[in-house]
Amino acid sequence: MDKPAVRQALDEIARFLELKGANPFRVRAYQNAARAVMAFPGDLGEGLRSGELARVRGVGKATLEVVADMLATGRASALDELREAIPSGLVEMMRIPGLGVTKIRQIHDALGIESLPELDAAAADGRLAGLPRFGPKTAENVRKGIASLGRSTEFRLYHHAAAEAASVGASLAALDGVSRVEIAGSVRRRRELIRDLDFVVVHRDPAARDAITRRLRSTPGVTESSGAGGAVTLRFASGTVADVFLTSAAEFGLTWLRATGSAAHLARLESRARERGVPLTGCGYPEERDVYRALGLAFVPPELREGAGEVEAAARGTLPRLVEESDLQGFLHCHSNYSDGTTTVAEWADACGRAGYTWMGLTDHGPAAFAGGLKAEDVPRQHAEIDAVNRASSSFVVLKGVEADILADGRLDYEPATLDRFDFVIGSIHTRFGMTEAQMTDRVLTAMDDPHLTILGHPTGRLLLSREPYAIDLERVLRKAADRGVAVEVNADPHRLDLDWRRVREARDLGVTVSIGADAHSVAGMANVAVGVGVARKGWLEAERVLNARDADGFRSFARSRPA
Ligand SMILES: [Zn+2]
Ligand SMILES: [Zn+2]
């Protein structure tokens, strides 16, 4: 383990603690330790064993633990746990140049902002400038900083890219002579990480194509452009790169198909076209279906176009009928003001009812949660509140759930008598991410032996672009889940998207039941569900295999069916 990596971990711990409002002395201790570790002349492992590192000024017990942890496992549990307790959007804000931790805390506390798009909106509409010690100049710099993040990182998260695609798409649609605009590429295929945006633009009149190309280049926010004729690349001030394919209505289908990809999917289609002597280019396919039909294939939903057997299935007529958001009857995995959420039980029930759900499963954190959980003695009070909300409605029911911590030894963080009081239990790992694969797998398999466990939450612990999954033999976990009737979650928090869609497909093939969990900490987080459904679809999942596509009774009987 090299010193810069340890220093970086210690510095990050200091910043996260500061973001959480920890004691300034504790924050400074980590900052000092980071410097001391860098200045240590010898090898860190040697220094740890000989006790020499412990004698260095500025290096305390907590620092030694971080060093030992990183030497043994390559990661710092203290950092992993802090990451768990801080909204991912705030962590993203820390990468905005010039925006220190103090200001981020101020933004979060005063405006309740937890994500970059919310921050950008507040910078644009004057709320940010109105904060003490901010002003219009700072707000402007924040907007520039958010834009520069787009430039500096190669990949961005799906939900950021999809929001950007929607807004770029709207500007393109407003151009004179454009009759239709569609998003294509990896956003349409719902990849979890996106590099560039792709669009197909239909012109009204082929003769006007060059004029439209010129207008494309002057779309608001475009700073650079290249290409000509049918394909133009636009570079926006926000850092976004968009490939725009111009086409006529008569050839729209083939153009959209090609612009959507993937390369592997298209290669399978091209070779099928050759085998069957079906010409593609220049044949006028107004809709994608027309291309598939010409090739003797059923329509392949964009999420499946990864060259992973979908063309063969389309030929055999065995493509799955993918789950849709409207199939979901229940809303699962959300936190209320009993743990680290902001929404009350009644507000949750109201929002879910209005969104068209017939039931919801409330799941605050258990008592071991770093983020602050529901203590066993508070469970009766929460349940009385849920009962009261349920009495007030005949058409909607709130189920009593919890997101229990899976402790290091595989036990859940309530006594069995307390667990008995819940309708269902999600079990998740929020601590000790650095265990070996064998230890971590045992930990999770042990938890699955507990008949209280209904759903395994975010099964690999990854945070996209910021934390690797923990080491675990997922295949053994999935096999046991299928065997023991434990559902596995697709956590729809856009920073997690865990289970990964590739493993969702594996879970499906093994016969595992999957739940789509919003992991929402406020009503705004309900939008996560759509992203989670995208992951489920990308994993070939049908509604029959999705736990919250069942009605409340069906869900309850699944939860109760765990063998003791
Ligand atoms: Zn969790
Ligand atoms: Zn959660």
Side-chain angles (χ1 to χ4, degrees), residues 1-42 44-45 47-114 131-134 138 339-340 342 365 367-373 375 405 408 430-434 463 466-467 521:
M1 182 54 55
D2 55 345
K3 286 175 196 162
V6 175
R7 176 185 59 178
Q8 201 192 339
L10 291 167
D11 271 332
E12 254 187 319
I13 291 172
R15 276 187 296 149
F16 283 2
L17 284 172
E18 202 180 344
L19 200 55
K20 277 189 51 128
N23 179 327
F25 291 106
R26 218 174 136 211
V27 174
R28 202 150 327 128
Y30 278 101
Q31 289 166 341
N32 291 339
R35 277 195 292 274
V37 160
M38 268 322 266
F40 183 71
L44 288 181
L48 195 66
R49 277 187 291 278
S50 67
E52 211 177 317
L53 188 61
R55 286 192 290 275
V56 172
R57 209 181 128 85
V59 173
K61 182 168 161 284
T63 312
L64 291 173
E65 261 167 37
V66 170
V67 175
D69 215 11
M70 289 191 75
L71 287 172
T73 69
R75 55 199 300 165
S77 281
L79 184 57
D80 282 331
E81 286 162 24
L82 276 166
R83 243 188 237 290
E84 201 60 49
I86 296 171
S88 297
L90 295 189
V91 178
E92 288 174 340
M93 285 180 208
M94 288 169 56
R95 293 180 13 245
I96 298 174
L99 197 62
V101 170
T102 318
K103 281 209 162 69
I104 295 172
R105 283 197 61 199
Q106 199 184 345
I107 291 165
H108 182 243
D109 296 346
L111 302 175
I113 285 174
E114 295 198 340
L131 290 181
R133 295 187 304 279
F134 272 73
T138 308
S339 66
D340 57 344
T342 50
H365 283 295
F370 198 79
K375 293 190 191 70
D405 262 42
H430 297 115
T431 56
R432 304 280 305 275
F433 291 75
L463 290 174
S466 74
R467 185 173 73 201
H521 290 70

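Residues: numbered from 1 along the sequence shown.
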V6 and L10: CA distance, side-chain angles, deciding distance, side-chain contact (heavy atoms from CB on, under 4.5 Å) verdict: CA-CA 6 Å; V6 175; L10 291 167; 3.9 Å; yes
At what distance, to the nearest 0.5 angstrom, does [atom1] of [X] lie from [atom2] of [Y]?
| X | Y | atom1 | atom2 | answer |
| --- | --- | --- | --- | --- |
| I86 | L19 | CD1 | CG | 5.0 Å |
| I113 | M93 | CD1 | CE | 6.5 Å |
| L99 | F134 | CG | CZ | 6.0 Å |
| L17 | R26 | CG | CZ | 4.5 Å |

So which atom in [X] and which in [Y] form the shortest heavy-atom distance, rounded to 0.1 Å?
| X | Y | value |
| --- | --- | --- |
| A36 | V56 | CB-CG1, 4.0 Å |
| A78 | I13 | CB-CD1, 4.0 Å |
| S50 | G47 | OG-O, 3.4 Å |
| S339 | G373 | CB-CA, 4.1 Å |
| A76 | V66 | CB-CG1, 4.1 Å |

Summary of salt bridge (charged side-chain N to carboxylate O under 4.0 Å, His left out) pairs that have at least one residue in residues 47-56, sequence neighbours excluded: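 Passing the test, one end in residues 47-56: E46-R49.
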Any residue meeting side-chain hydrogen bond (donor to acceptor under 3.5 Å, both in side chains) with R35, in chain and number order, not counting sequence neighbours: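 Here the qualifying residues are N32.
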side-chain hydrogen bond (donor to acceptor under 3.5 Å, both in side chains) involving S88 - partner list, sequence neighbours excluded: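 Checked S88 against side-chain hydrogen bond (donor to acceptor under 3.5 Å, both in side chains); zero matches.
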Donor-acceptor under 3.5 Å ([X] side chain, [Y] main chain):
| X | Y | result |
| --- | --- | --- |
| T63 | V59 | no |
| R83 | R467 | no |
| E81 | R432 | yes |
| D2 | P4 | no |
| K3 | A39 | no |

Inter- and intrachain pairs under side-chain hydrogen bond (donor to acceptor under 3.5 Å, both in side chains), touching residues 7-19, at least two apart: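 Checked against side-chain hydrogen bond (donor to acceptor under 3.5 Å, both in side chains) - neighbours excluded - no pair reaches residues 7-19.
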4.5 Å side-chain heavy-atom contact, L71 and V67: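 Yes. Closest side-chain heavy atoms under 4.5 Å.
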Sequence-distant partners of Y30, ring pair (Phe, Tyr, Trp, His ring centres under 6.0 Å), two or more places apart: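 Checked Y30 against ring pair (Phe, Tyr, Trp, His ring centres under 6.0 Å); zero matches.
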Intermediate values then yes/no, salt bridge (charged side-chain N to carboxylate O under 4.0 Å, His left out), R75 and D69: CA-CA 6 Å; R75 55 199 300 165; D69 215 11; over 6 Å; no
Plane angle bin for H521 and H365 - parallel if under 30°, tilted between 30 and 60°, otherwise perpendicular: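 The arrangement is tilted - the two ring planes meet at 30° to 60°.
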For residues 101-112, run the donor-acceptor check on the side chains, cut-off 3.5 Å, and write out each pair with its distance to 0.1 Å, sequence neighbours left out.
{"from": "Q106", "atom 1": "NE2", "to": "P132", "atom 2": "O", "distance (Å)": "2.8"}
{"from": "H108", "atom 1": "NE2", "to": "E114", "atom 2": "OE2", "distance (Å)": "3.0"}

